[in-house]
Engineer: 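The structure follows.
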There are 2 protein chains.
Amino acid sequence: MAAPAEKHDVFKAIADPTRREVLRLLSENERPISEITSHFSMSRTAVTKHLQILAEADLISGRKEGREKIYQLHPEPLNEVKQWLSYYEKFWSNKLSMLKNLVEED
Amino acid sequence: MAAPAEKHDVFKAIADPTRREVLRLLSENERPISEITSHFSMSRTAVTKHLQILAEADLISGRKEGREKIYQLHPEPLNEVKQWLSYYEKFWSNKLSMLKNLVEED
DNA sequence: ATAATATAACACCTTTTGGTTTTACGTCAA
DNA sequence: TTGACGTAAAACCAAAAGGTGTTATATTAT
């Protein structure tokens, strides 16, 4: 039970450059919406929508502190992308993946 | 010069589940459009559009062979995603990234 | 109490996405 | 050469994405 409601998957969430930049900002520090908005040339309303999409993918969460809402990063869902990617590593030449294949095969 | 025309970035390309499934199919074998289409419950035209988006991100390419167009995987652009992800690995606990941090810090 | 601040909630608009159907064009086989 | 096959191209459509501005609500400072 308790369906996780994950309306937006992480792949869609990171598809947008603005949202990737938000993640980078929050990787430095948790920040209130107004401060996040100040880094972009779009309205606070637009930024809020991006924040909601990121939150629905569980990549960030916000807590209310006084009149501010402070968002922080939760990078764990990126693990899904990492795992998806790992499948393809064996298809492009790369020192690390070649090493891995050497170990895994045989 | 010779601007690479990369109209669709790889993040957008992999955001769609259908396109990720196409990549998986092509990782097994190069395939003509009709065969790719047979794996989905949508029109060939729709699949072709997904193929174009993947091709614009340089993730696949198609060659014409007789009356068929055969697509094959080129996973190299996924490296951009891998590199982007690697920045965030230090933020979630993971045995490998913990080891890496141990080596890098101090 | 009042005014400024920070966010939330709406209503609205435009562009892109993801899909359809229809028509046309090469290619191959009979 | 006639027809079937595989694709390409175009017109069209609904819904989602990405943005705007306005209004409302809660909180803090004066």
Side-chain angles (χ1 to χ4, degrees), chain A residues 5-26 29-74 77 81, chain B residues 5-26 29-74 77 81:
Chain A
E6 201 178 319
K7 214 168 80 183
H8 274 89
D9 71 288
V10 70
F11 287 92
K12 285 247 172 76
I14 67 172
D16 185 274
T18 299
R19 290 195 288 269
R20 290 199 298 276
E21 180 65 8
V22 167
L23 292 180
R24 201 196 57 76
L25 288 170
L26 294 182
N29 255 311
E30 54 179 30
R31 292 180 151 96
I33 297 181
S34 53
E35 192 189 324
I36 297 171
T37 301
S38 72
H39 287 81
F40 298 98
S41 56
M42 69 181 80
S43 70
R44 184 172 31 67
T45 309
V47 171
T48 296
K49 287 189 185 176
H50 285 298
L51 294 174
Q52 282 166 358
I53 290 171
L54 289 169
E56 279 161 5
D58 295 321
L59 281 164
I60 65 175
S61 71
R63 69 173 186 281
K64 245 174 103 179
E65 198 156 293
R67 58 186 164 185
E68 294 189 324
K69 186 157 184 186
I70 301 183
Y71 277 94
Q72 60 180 317
L73 179 69
H74 296 299
V81 181
Chain B
E6 200 178 316
K7 215 169 78 182
H8 275 89
D9 71 290
V10 70
F11 287 93
K12 286 247 173 76
I14 67 173
D16 186 273
T18 299
R19 289 195 289 268
R20 290 199 297 276
E21 180 65 8
V22 168
L23 292 180
R24 201 195 57 77
L25 288 170
L26 294 183
N29 256 311
E30 55 179 31
R31 290 181 153 97
I33 297 182
S34 54
E35 192 188 325
I36 298 171
T37 301
S38 71
H39 287 81
F40 298 98
S41 56
M42 68 181 81
S43 69
R44 183 171 32 68
T45 309
V47 171
T48 297
K49 287 188 185 178
H50 285 299
L51 293 174
Q52 282 167 357
I53 290 172
L54 289 169
E56 280 162 5
D58 295 321
L59 281 164
I60 66 175
S61 70
R63 68 172 187 282
K64 248 174 100 178
E65 198 156 295
R67 56 187 165 186
E68 294 190 326
K69 186 158 185 185
I70 300 183
Y71 278 93
Q72 61 180 317
L73 179 68
H74 296 299
V81 181

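Just so it is clear, the values below take in all heavy atoms, side chains as well, and ignore hydrogens, waters and symmetry mates. Chain A is the first sequence line, chain B the second, and so forth, proteins listed ahead of strands; every chain is numbered from 1.
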Engineer: Return the residues of residues 62-71 of chain B meeting this criterion: a heavy atom under 4.0 Å from some atom of DNA chain D. Order them by number, or give none.
Structural biologist: B/Arg67, B/Glu68, B/Lys69
Engineer: Between the protein and nucleotides 15-18 of chain C, which nitrogen or oxygen pairs come in under 3.5 angstrom?
Structural biologist:
residue: C/dG18; atom: OP1; partner: B/Asp16; partner atom: OD2; Å: 3.0
residue: C/dG18; atom: OP2; partner: B/Arg19; partner atom: NH1; Å: 2.9

Engineer: Is any side-chain N or O of B/Ser34 under 3.5 Å from a base N or O of D/dT7, one able to act as donor and the other as acceptor?
Structural biologist: no
Engineer: Tell me whether the OP1 or OP2 atom of D/dG19 has a side-chain N or O from A/Ser43 closer than 4.0 Å.
Structural biologist: no
Engineer: To the nearest Å, how far apart are A/Gln52 CD and D/dA17 C1'?
Structural biologist: 13 Å
Engineer: Is the shortest heavy-atom distance from the side chain of A/Leu59 to the side chain of A/Ile14 under 4.5 Å?
Structural biologist: yes
Engineer: Can you name the side-chain contact (heavy atoms from CB on, under 4.5 Å) partners of B/Glu21, sequence neighbours left out?
Structural biologist: B/Arg24, B/Leu25, B/Phe40
Engineer: For B/Arg67, enumerate each residue passing the side-chain contact (heavy atoms from CB on, under 4.5 Å) test, keeping only those at least two apart in sequence or located in another chain.
Structural biologist: none
Engineer: Taking salt bridge (Lys or Arg N to Asp or Glu O under 4.0 Å) as the cut-off, I'd like each qualifying pair that reaches into residues 29-46 of chain A, sequence neighbours left out, listed once.
Structural biologist: A/Glu28-A/Arg31, A/Glu30-A/Arg63, A/Arg31-A/Glu35
Engineer: Sequence neighbours left out, what passes side-chain contact (heavy atoms from CB on, under 4.5 Å) with A/Ser34? Give chain and number order.
Structural biologist: A/Pro32
Engineer: Return the set of residues passing side chain to side chain donor-acceptor pair (under 3.5 Å) with A/Ser38 (not counting sequence neighbours), or none when no residue passes.
Structural biologist: none
Engineer: My understanding is that only residues two or more places apart in sequence, or in another chain, count here; which of them pass side-chain contact (heavy atoms from CB on, under 4.5 Å) with A/His50?
Structural biologist: A/Asp16, A/Thr18, A/Arg19, A/Met42
Engineer: Mind calculating the distance between CZ (B/Arg44) and C1' (D/dT7) to the nearest angstrom?
Structural biologist: 6 Å
Engineer: Please name all residues satisfying side chain to side chain donor-acceptor pair (under 3.5 Å) with A/Ser61, sequence neighbours left out, ordered by chain then number.
Structural biologist: A/His74
Engineer: Which residue lies toward the 5' end of DNA chain D, A/Val47 or B/Ile33, if each is placed at its nearest nucleotide?
Structural biologist: B/Ile33
